[in-house]
Each structure stands twice: as structure tokens, then as C-alpha cells.
Amino acid sequence: YPDGTFHPEEACTRREMMIILWRYSECPSSSVDPRREYSDMAAFGPDTDTYKAVAWGIETGIIKGYSDGTFRPNDTICRKDAIIMLYRLLEKPETSGRILFIDCPYDKEKNPDTYNAILWASRKGIARGYYLLWFKPLEDCLREHIVTFLYRADDSLYNFF
């Protein structure tokens, strides 16, 4: 934040998640105009980090947006979506097995990115969940969760870049 604080217990927005991943990836450029892709990106000009990060996210396939043509940049990101974005950033690493979290009833055939991302993150110890068997996929993803996920995935990210 502008005052030099991090606010680890604050919920992370979708645009903040993209900015964090974009900065972690060393701020790559993109030729995509996110205002043409998503109707709710008009407020962000080309010199803003939000514009640049979302453009890069579109170009790399990290973000997909919603069926109504929006990205919802100021909505809080849930834990499931944060893990999916990180999984896509790493080009969908292979993993096998089944999800052991009891609150993740995702079907591998119907929701492959969701299923594989949560499976990957749990197998690699990136997302350890709560009380061992709960992932809480639809709960707000806090800023401290994002940096913890990145920290735990660092070996994989190092090899990616």
C-alpha cells in the first residue's frame, strides 16, 4: 500500500492477484487491450499496473473472465481461483491422484483446471488447507495466502522462469 504497509489479513482482489503474479514474473509486456476483452476494465488506463497485469493475464491464459464479458477486477478472489491462476501461470504442471479435501467436490472431467489446480497445490504442499481435510475453496483469499502460496511454489516458479 502507499503507506508502506502490506495488510496481510486483507482480502485480495482479482486485480491485485494479477498484479502480484505479473510483478513476480518481472512485469512482462503485452499487446492485448483488456478494455476490449472485458467491459469492466474501462477505468484502467494503459499506464496502470492493473491494465498491464490483466493484459498479460489474458495473453498468457492465466485469466479467463466471466461469461458475461467481465473480469470483475475489484471483487475479492476466492482461494480456488487464486490457486487456478497460479496453476495456469506454471503452465498446468502434471499431477496425479485425487483431491483429498472433503470440501472440494470438483469433477475432473467437467472442471479440469479447478480439479487439477487444487490437486497439484495440495500434492506439492502449496495449499495445505485447514484441519488437514478442508480447503475452503470459496473463502476469501487473503493477501497472506497469496504470498504463502508463491513462497511454497518458489522451486517450481524458479524452474519455470
Side-chain angles (χ1 to χ4, degrees), residues 8-25 28 30 32-41 50 53-161:
E9 295 178 358
E10 297 262 334
C12 189
T13 65
R14 292 173 52 79
R15 71 182 187 85
E16 288 172 332
M17 177 68 182
M18 281 312 306
I19 291 169
I20 290 168
L21 294 179
W22 175 71
R23 288 179 180 162
Y24 195 86
S25 301
S30 172
V32 173
D33 182 347
R35 297 174 300 186
R36 290 188 180 157
E37 301 287 329
Y38 301 122
S39 61
D40 56 354
M41 287 296 296
T50 298
V54 172
W56 169 75
I58 294 166
E59 188 171 279
T60 58
I62 294 170
I63 56 174
K64 305 289 183 192
Y66 291 92
S67 59
D68 65 357
T70 62
F71 174 63
R72 302 178 192 169
N74 297 316
D75 282 5
T76 299
I77 192 165
C78 66
R79 290 170 50 83
K80 169 185 67 81
D81 289 348
I83 287 296
I84 291 169
M85 288 181 185
L86 181 57
Y87 175 73
R88 288 176 180 157
L89 171 70
L90 295 172
E91 297 183 347
K92 302 180 181 182
E94 290 292 322
T95 193
S96 61
R98 63 185 181 88
I99 295 174
L100 299 178
F101 295 123
I102 60 177
D103 59 345
C104 292
Y106 303 105
D107 183 287
K108 187 174 186 168
E109 302 304 317
K110 293 179 183 175
N111 307 99
D113 276 6
T114 302
Y115 185 91
N116 290 323
I118 293 171
L119 176 63
W120 163 77
S122 65
R123 291 277 190 209
K124 295 291 184 183
I126 294 164
R128 296 182 183 145
Y130 298 88
Y131 316 111
L132 301 177
L133 295 174
W134 297 88
F135 179 66
K136 299 184 180 184
L138 301 178
E139 295 240 342
D140 292 351
C141 196
L142 305 181
R143 294 168 60 85
E144 66 185 336
H145 296 157
I146 304 299
V147 295
T148 300
F149 295 157
L150 281 170
Y151 175 78
R152 290 177 181 161
D154 192 59
D155 289 340
S156 298
L157 290 171
Y158 178 78
N159 291 328
F160 175 72
F161 295 111

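Note that the numbering runs from 1 along the sequence shown for the chain. Because the structure is a prediction, the values reported are computed rather than measured.
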Do side-chain atoms of Asn111 reach the backbone of Thr114 as a donor and acceptor pair under 3.5 angstrom?
-> no
Are Arg72 and Asp68 within salt-bridge range, i.e. N to O under 4.0 Å?
-> yes
Between Ile126 and Ala153, what is the shortest heavy-atom contact and its length?
-> CD1-CB, 3.6 Å
Student check: side-chain heavy atoms of Met18 and Thr50 closer than 4.5 Å | no
Approximate separation, where rounding is to 0.5 Å, of Thr76 OG1 and Asp81 CG | 11.5 Å
How are the rings of Tyr87 and Trp120 set relative to one another: parallel (under 30°), tilted (30 to 60°) or perpendicular (over 60°)?
-> tilted
CA sep, side-chain torsions, deciding dist, call: Glu16, Thr13, side chain to side chain contact (heavy atoms under 4.5 Å, CB included) | CA-CA 5 Å; Glu16 288 172 332; Thr13 65; 3.1 Å; yes
Distance-minimising heavy-atom pair for Asp33 and Arg35 = OD1-N, 2.9 Å
Sub-3.5 Å donor-acceptor pair from the side chain of Asp140 to the main-chain atoms of Leu142, do we have one?
-> no
Taking all non-hydrogen atoms of both residues, which atom of Cys141 and which atom of Phe149 are closest, and how far apart?
-> SG-CE1, 3.9 Å
Is there side-chain contact between Ile58 and Ile63, with heavy atoms separated by less than 4.5 Å?
-> yes
Side chain proximity check, Tyr115 to Cys104, heavy atoms < 4.5 angstrom = no
Option from Asp113, Leu90, Ile62 for which side-chain contact (heavy atoms from CB on, under 4.5 Å) with Met85 holds = Ile62
For Val54 and Pro34, work out which heavy atoms get closest and say how close.
-> CG1-CB, 3.7 Å
Cation over ring face, Arg15 and Phe71, 6.0 Å, 45° | no
Nearest-0.5 Å distance, CG of residue Leu133 to CD1 of residue Ile102 | 5.5 Å
Interatomic spacing from CZ in Arg88 to NZ in Lys64 - rounded to 0.5 Å = 5.0 Å
Side-chain contact, heavy-atom cut-off 4.5 Å: Trp56 with Val32?
-> no
Sub-3.5 Å donor-acceptor pair from the side chain of Arg143 to the main-chain atoms of Ala11, do we have one?
-> no
Indicate yes or no: at least one non-hydrogen side-chain atom of Asp103 is less than 4.5 angstrom from one of Trp134.
-> yes
Check whether any side-chain N or O of Trp22 sits under 3.5 Å from a backbone N or O of Pro28 as a donor-acceptor pair, and report yes or no.
-> yes
The reported gap from CZ in Arg123 to CD1 in Ile99 (rounded to nearest 0.5 angstrom) is 10.0 Å
Are the aromatic rings of Phe101 and Phe135 close, with centres under 6.0 Å apart?
-> yes
Determine, stepwise, if the pair Leu150 / Leu86 fulfils side chain to side chain contact (heavy atoms under 4.5 Å, CB included).
-> CA-CA 8 Å; Leu150 281 170; Leu86 181 57; 3.8 Å; yes
Between the CD1 atom in Ile84 and the CD1 atom in Ile118, the distance rounded to the nearest 0.5 Å is 6.5 Å
Would you say Ser25's side chain and Leu21's backbone share a donor-acceptor pair under 3.5 angstrom?
-> yes
Considering all heavy atoms, the nearest Ala117-Ile83 contact | O-CG2, 3.4 Å
Is any side-chain heavy atom of Arg152 less than 4.5 Å from a side-chain heavy atom of Arg128?
-> yes
Looking at side-chain heavy atoms only, is the closest gap between Cys12 and Met17 below 4.5 Å?
-> yes
Face-on cation placement of Lys136 at Tyr130 ring, 6.0 Å and 45° thresholds = yes
